[in-house]
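Here is the structure we will look at.
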Amino acid sequence: MPELPEVEAYRRLAERSVGRVVGRVELPDPWFLKGGLTPAMLGAALTGHRFAAFRRVGKLLLGDIDGGRRLGLRFGMTGTLVVDGRAALDGLLYAPARHDPAWERVRIAFVDGGSLVVRDPRRLGGVTLDPDLGRLGPDAAAITGDELAAALAGSTAPLKARLLDQSRVAGVGNLVADEVLWKAGLDPRRPAGSLAPTEVHLLCGTVHAVIADLVARGGSHRGDLTGERRRDGRCPQDGAPLTRSTVGGRTTWWCPVHQH
DNA sequence: ATTGTGGCCTGCCCGC
DNA sequence: TGCGGGCAGGCCACAA
């Protein structure tokens with residue numbers, strides 16, 4: 001599902017549309033608009049304009065529109081970005097591999113004949129205008145040790161729950177969280193505030209390393225642990241049977257032998 | 001404020 | 001073999 005690595009791939013793909021004039025916006029599914037946004041408002045903000053740049057904060061993709069407004073794209077669990085008929089990634093875990101035209105939620109058509117399309121079978125994504133970035137924590141790919149320490153300090157919530165909290169750390173989803181904690185050897189159920197400074201430091205480095213690795217591999221589902229997230233799955237590091245339970249409201253897999 | 005829970009959405013998997 | 005109940009999780013509303 002789209003976590004930080006996927007959205008980063010979407011951002012790079014979206015850059016292909018920078019500088020091209022928008023001719024028309026099609027909204028087969030106006031329900032996809034969030035925060036009171038209407039088709040007329042979105043059309044007015046985009047038609048005749050160009051994207052100046054695409055940025056990413058966590059799992060949110062931002063398109064800077066000339067004139068100062070910002071398009072916000074969220075992809076939920078099964079959303080894909082398609083530019084000029086080309087998808088950013090081959091496959092998405094938990095998303096259907098086939099393509100049904102009915103899953104197209106937004107189409108931004110450029111006057112040159114190309115387009116930027118959001119395809120989302122399960123409709124858990126959405127489109128906003130000028131999204132409030134104040135509700136997002138530091139981006140996980142660039143978070144500093146001090147910022148991570150502040151995000152975890154004093155909390156009795158499970159470590160994993162804090163990592164998934166987008167207002168504390170932006171961009172970590174369920175698969176990345178499990179992969180990071182597995183690689184750092186940390187128990188997802190540990191109270192977030194119980195980590196020693198050296199553990200926070202290790203965790204911060206692991207977050208960066210795992211994200212860089214998953215971006216390079218082409219998706220959050222390409223992690224070493226991810227392939228073992230199944231019944232009878234075993235720890236790729238020591239071969240122990242993995243434990244499955246619910247932590248932070250999410251299905252969680254971890255190694256009972258080396259994660260403490 | 002912090003933490004936990006349930007619902008939304010819908011295609012697909014597994015067990016009957 | 002066909003069918004239908006769970007399941008998947010990002011995000012939000014709401015409760016304690």
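The figures that follow rest on heavy atoms only: side chains count, while hydrogens, waters and symmetry mates do not. The structure displayed is predicted, hence computed values, not measured ones. All chains are named by letter (A, B, ...) in the order of the sequence lines, taking the proteins before the strands, and each is independently numbered beginning at 1.
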When clusters are formed from ILVMFWY side-chain contacts under 4.5 Å, directly or step by step, what else is grouped with Val82(A)?
Val117(A)

Closest approach of Ala140(A) to Val172(A) (non-hydrogen atoms, all atoms of both residues)
CB-CG2, 3.8 Å

Under 3.5 Å, is there a donor-acceptor pair between the Arg135(A) and Ser167(A) side chains?
no

Could you pull out all residues at least two apart from His201(A) that satisfy side chain to side chain contact (heavy atoms under 4.5 Å, CB included)?
none

Inter-end axis angle, the helix from dT2(B)-dA16(C) to dC16(B)-dG2(C), with every axis fitted to five base pairs (rounded, 10 degrees):
50°

Which nucleotides of nucleotides 2-12 of chain B have their base under 4.0 Å from a protein heavy atom (B), which only their sugar-phosphate (S), and which neither (-), written as one string 5' to 3'?
SSS---BBBBS

Nucleic acid contacts of residues 130-145 of chain A, taken as heavy-atom distances under 4.0 Å to DNA chain B:
none

Residue closer to the 5' end of DNA chain C, Arg244(A) versus Arg74(A) (nearest nucleotide)
Arg244(A)

In terms of heavy-atom contacts, Phe54(A) and Glu15(A) come closest through CD1-N, 4.2 Å

Partner of Asp29(A) by salt bridge (Lys or Arg N to Asp or Glu O under 4.0 Å), out of Arg123(A), Arg122(A), Arg119(A):
Arg123(A)

I need the minimum non-hydrogen distance between Gly43(A) and Val25(A), along with the two atoms involved.
CA-CG2, 4.3 Å

Euclidean distance, atom CG of residue Asp178(A) to atom P of dG10(C) [Å, nearest integer]
10 Å

Could you check whether Asp112(A) pairs with Arg20(A) (Lys NZ or Arg NE/NH1/NH2 to Asp/Glu carboxylate O, under 4.0 Å)?
yes

Take atom NZ of Lys59(A) and atom C1' of dC11(C), then tell me their distance rounded to the nearest Å.
9 Å

Separation of dC13(B) atom P from Arg230(A) atom CZ, nearest Å, is 16 Å

Between Arg56(A) and Glu8(A), is there a side-chain N and carboxylate O pair less than 4.0 Å apart?
yes

Pairs under 3.5 Å (N/O, protein and nucleotides 14-16 of chain C):
none

Spacing between Asp120(A) atom CG and dA8(C) atom P, to the nearest angstrom:
19 Å

Think Lys34(A) has a side-chain N or O under 4.0 angstrom from the OP1 or OP2 of dC12(C)?
no

Distance, rounded to the nearest Å, where Leu175(A) contributes CG and dG10(C) contributes P
7 Å

Give me the atom names and distance for the closest heavy-atom approach of Pro158(A) to Val247(A).
CB-CG1, 3.7 Å

Examine distances only and state if a side-chain atom of Gln166(A) and a backbone atom of Gly137(A) form a donor-acceptor pair shorter than 3.5 Å.
no

Categorize Arg119(A) for me: base, sugar-phosphate, or nothing, with a 4.0 angstrom heavy-atom threshold over every strand shown.
nothing

Between dC11(C) atom P and Asn174(A) atom CG, what is the distance in whole Å?
12 Å

Can you measure Arg56(A) atom CZ to dG10(C) atom P for me and round it to whole angstrom units?
15 Å

Which heavy atom of Leu13(A) sits nearest a heavy atom of Leu81(A), and at what distance?
CD2-O, 3.6 Å

Can you see whether His49(A) engages Asp66(A) through a side-chain donor-acceptor pair at a distance of less than 3.5 angstrom?
yes

Taking all atoms of both residues into account, what is the closest heavy-atom pair of Arg69(A) and Ala45(A), and its distance?
CD-CB, 4.4 Å

